[in-house]
Trainee: 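Handing you this structure, nothing more for now.
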There are 2 protein chains.
Amino acid sequence: MIDKLKIAQKLDELGIHFIEGGWPGSNPKDVEFFEKARSLTLPHSKLVAFGSTRRSKVKAEADANLLALADAGVKVVTIVGKSSELQVIQVLETTLEENLSMIVDSIGYLKAKGLTVFLDAEHFFDGFKVNPSYALRTLEVAAEAGADCLVLCDTNGGTLPNEITVAVEAVRGLTNVPLGIHAHNDAELAVANTLAAVNAGISQIQGTINGYGERCGNANLCSIIPDLKLKMGIDCLTDVQLAKLTEVSHYVSEMANLIPGAFLPYVGSSAFSHKAGLHVSGLRRWADSYQHIDPAQVGNQQRVLVSELSGKANIIYRAKEIGFDLPLRGKEAQKLVEQVKLLESRGFQYDYAEASFELLVHRAKPDYQPPFELVDFMVVVEKRRRPPTKRNLEELLSEAMVKVRVGTEIMHTAAEGNGPVNALDQALRKALLQFYPSLAQVRLVDYKVRILEESIGTESQVRVLIESSDGVKEWRTVGSSTNIIEASWLALADSLEYWLLRQKLWVSLQQSNLLISS
Amino acid sequence: MIDKLKIAQKLDELGIHFIEGGWPGSNPKDVEFFEKARSLTLPHSKLVAFGSTRRSKVKAEADANLLALADAGVKVVTIVGKSSELQVIQVLETTLEENLSMIVDSIGYLKAKGLTVFLDAEHFFDGFKVNPSYALRTLEVAAEAGADCLVLCDTNGGTLPNEITVAVEAVRGLTNVPLGIHAHNDAELAVANTLAAVNAGISQIQGTINGYGERCGNANLCSIIPDLKLKMGIDCLTDVQLAKLTEVSHYVSEMANLIPGAFLPYVGSSAFSHKAGLHVSGLRRWADSYQHIDPAQVGNQQRVLVSELSGKANIIYRAKEIGFDLPLRGKEAQKLVEQVKLLESRGFQYDYAEASFELLVHRAKPDYQPPFELVDFMVVVEKRRRPPTKRNLEELLSEAMVKVRVGTEIMHTAAEGNGPVNALDQALRKALLQFYPSLAQVRLVDYKVRILEESIGTESQVRVLIESSDGVKEWRTVGSSTNIIEASWLALADSLEYWLLRQKLWVSLQQSNLLISS
């Protein structure tokens, strides 16, 4: 619930015009959402409640779903009605005439309540193929009943762009009521179908952030918005709003508890990545040579990936980006390239673990002194049935013991945790906090596990990616092993080592600033 | 290498006409691929080697990359040449005239070797926008030099479908050489751009399985092929070949060590899934009401998801699918619904773990007798620096102890493993094999870990999905806990319990068959 309110706030910041908040007639949680949403301040967005036309043979004023819509406390509602003859007969199991009355009565009832009413014409394009005159008739009666927008739905997502164009043009010939498009991605054409509908004259676009939606998803607003604004010259958002697109995309992923899609157009972390040596040297000569827009326009950024495929030039370029100017033919560069290749062959990957990569660069220098060294660890996970006198019949215990060297001192300590990796994390921090109390502000914000070589089951190579934060900035580290505990141990240690290193740099930088300003 | 050969074999089975096998002039591994590929039998596909036009100011017959192409042992080659004025000047750093000579000389050299030559006209659409006459000129000289196909590339992936149409039509007016399209997905339009090019008259489509490719990917053949065949009536594959599409998509994911995209059109496991009660009741009335094609045409299937959103009706439908006819109002159905809701709130998910769901159905029956019960376990992971006299300075040890009850007997045993989960797996099997020797044929083929509620770091809820096989069929089970070891333990136990249960059913079935036939 809190998430849904937060998402609404975020969509408003992006400048979305209408936010469909839920179906109060079908879900008590959605009623609660609209109640709580009254306290939101949304300068750009209008909240919309979703519902359907009245049920067959029921009066509009007696239909629970329409009553819930009228009571939702919003000024705009969308109702879904059927535009396909086959759907009316075979799914609704009513007559074509009764379906038209359902549309007319429902719109009339909601308009009489002073609401703005959008009609989602379900299965419109499929209906238009089989019986175009009936499909058009459902829109005609809706327009006459006072609908404020007729939204043409490709509910099953199987329509082609040229079919969209023909059908939208047919509707344009029929009515002056504004039209909308609601596309699904079942033929991988949701974005193209939406753009085709825009070209044919529609003015409302329905879609979702990142294209999230059932089956293959809905039309992806994170692609449609920049396509409209940057390529078709349709000024649907301001430049400042558009530059929030990547942030909003990742925010919604996080709220939905889904991994952000790396390969998503415009907003994905790979969308402006360059890997092959050819492209990277091209990029150095001409920034736009291998990207279709400036990533900053959508709040994204160019990335040069350090990967197995990359040569010495890429690694040196990446090192330079983070402030290390390695001479191309120097020993350090050679050592680093060999180290990266060796670790990559063992399952490490530095595309996203830029903090672990930076540590590799440090470690390639002959005079590098690590802030601590790992010596030993032991982890125990135990599940025992206790005698029935105890309150918990089953108890699960996770404990870790670690030994760490700082300078010449050895710290040997232990901790419990909520799972083996958490126990290890707790014990490692406990050991290091005695030397570095400021480490207390570092926390893990994300922990991902990826099984490599999936075919060999529980003996697989495991890659752990950890994201950490000190409340100001975030960094990512990687560990790899056939043992998930060891992979986690390596990524955890890198995370803390990186922060201690940065902390030291940051302190000396601050000191020199103080010197200059004093 | 073996993977690449296997993929080539699979693409041939699907009926793909040309397979680009690699760049022998840039990568020694690719030279090896073409050598080994000579032993493949590919009745449908021709192997193609990829390369580029000669370097600036170098003779074709002295260009290492062209020599490698001629030596690759294939009959067809594709070379990439530049069609954009800006690219020639700013990236290639040569003259427009020299670029034309590079195209002509390279095609001439390869044609003289008796090869079929395709030209990938890089940045053609971007070049056509800035300087259309030069972009067209690069194609004209290629046609005159004898190119067998001119492939128009949207290298940066930012072109719109109507721009594709205009540019392809301009090329069609220029030459009768067959044309091709190579699209990228940076504006989420790769599939639509490919279809627009087909409508404008091209005959070769370049793309990848699942759209895998750099940045946002290449044009996705798994969407394009069924769009062409099922919606546009272009008979590019036979019906039998098309029905292999889902299998090939999943096979390539596995070989590429990527999780198959659940939401991929046509081939994704969600592509024909139905969750909401509305759709499921619609589906029962009319199979095609909520799907745009018959999933069997592409080798996929309809799925009814058992999920948090689903009501009693869905769970009963799913139970019936696997052979349990639960009365809608019976106690068992109610118990099952409550159990599913409780477990889902703890992170279990049954959408893909159909074996764990089937066990829930069994366990809802009052007379269910499990083949074994878990009592206790303990797992230890230890890493110690050994004295320097030992060969391995660092040793990593994973050990598990398990206690299992079968009937009235308790088995208590222990095993080492390659990581904690593998140790647990080994120990559990060791304990059970004494009672059920046939379990030896069960093995784990996939082990996936998903972190839920990612924001709380190493204390997160962990969901483990395990896929097992007995060499004949495969099944999937799920476990969830804040402790990865416990989550794995639950999924492992379900996997073995499911097989023992099925095994028993299978044996009694076989016995009754024997009785009938004797």
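No experiment lies behind these values; they were computed from the predicted model shown. The chains referred to below are lettered A, B, ... by the order of the sequence lines, with proteins before strands, and numbering in each begins at 1.
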Trainee: Which residues satisfy the ring-ring contact (aromatic ring centres under 6.0 Å, His included) test with F377(A), sequence neighbours excluded?
Mentor: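 For F377(A), the residues satisfying ring-ring contact (aromatic ring centres under 6.0 Å, His included) (neighbours in sequence not counted) are W489(A).
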Trainee: Go through it in stages, so that I can follow the logic: the residues are Y290(B) and Q87(A), the test is side-chain contact (heavy atoms from CB on, under 4.5 Å), and I'd like the CA-CA distance, side-chain angles, deciding distance and then a yes or no.
Mentor: CA-CA 10 Å; Y290(B) 288 92; Q87(A) 285 278 325; 3.9 Å; yes
Trainee: Answer with side chain, backbone, both or neither: which region of L160(A) has an atom nearer than 4.5 Å to a non-hydrogen atom of chain B?
Mentor: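 For L160(A), side-chain heavy atoms alone lie under 4.5 Å from chain B.
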Trainee: Is a donor from one side chain sitting under 3.5 angstrom from an acceptor on the other, for N483(B) and S398(A)?
Mentor: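 Short answer, yes.
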Trainee: For L189(B), is it the side chain, the backbone, both or neither that has a heavy atom under 4.5 Å from a heavy atom of chain A?
Mentor: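 For L189(B), side-chain heavy atoms alone lie under 4.5 Å from chain A.
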Trainee: Please identify, among L424(B), D186(B), V380(B), the residue contributing the most non-hydrogen atom pairs under 4.5 Å to chain A.
Mentor: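 Ranked by heavy-atom pairs under 4.5 Å with chain A, first place is D186(B).
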Trainee: Could you check D126(A) against T159(A) for side-chain contact (heavy atoms from CB on, under 4.5 Å), going step by step and ending with a plain yes or no?
Mentor: CA-CA 8 Å; D126(A) 293 333; T159(A) 304; 4.2 Å; yes
Trainee: Under 4.5 Å, counting heavy-atom pairs only, tell me which of S223(A), S488(A), G211(A), P226(A) racks up the most with chain B.
Mentor: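 Among S223(A), S488(A), G211(A), P226(A), the one with the most close pairs to chain B is S223(A).
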Trainee: Let me know if D227(B) has heavy atoms under 4.5 Å from chain A in its side chain, its backbone, both or neither.
Mentor: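 It is the side chain, since no backbone atom gets that close.
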Trainee: With sequence neighbours left out, what residues match N185(B) under side chain to side chain donor-acceptor pair (under 3.5 Å)?
Mentor: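 Expected list: none.
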Trainee: Taking every heavy-atom pair that is under 4.5 Å apart, which of G217(B), G268(B), A192(B), P420(B) has the most such pairs with chain A?
Mentor: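 Most pairs with chain A among the choices: P420(B).
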Trainee: Does either side chain, that of H123(B) or that of N156(B), offer a donor lying less than 3.5 Å from an acceptor on the other one?
Mentor: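 On atom types as modelled, these side chains qualify, holding a pair under 3.5 Å.
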Trainee: Can you tell which part of L195(B) gets under 4.5 Å to a heavy atom of chain A, answering side chain, backbone, both or neither?
Mentor: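 Side chain only.
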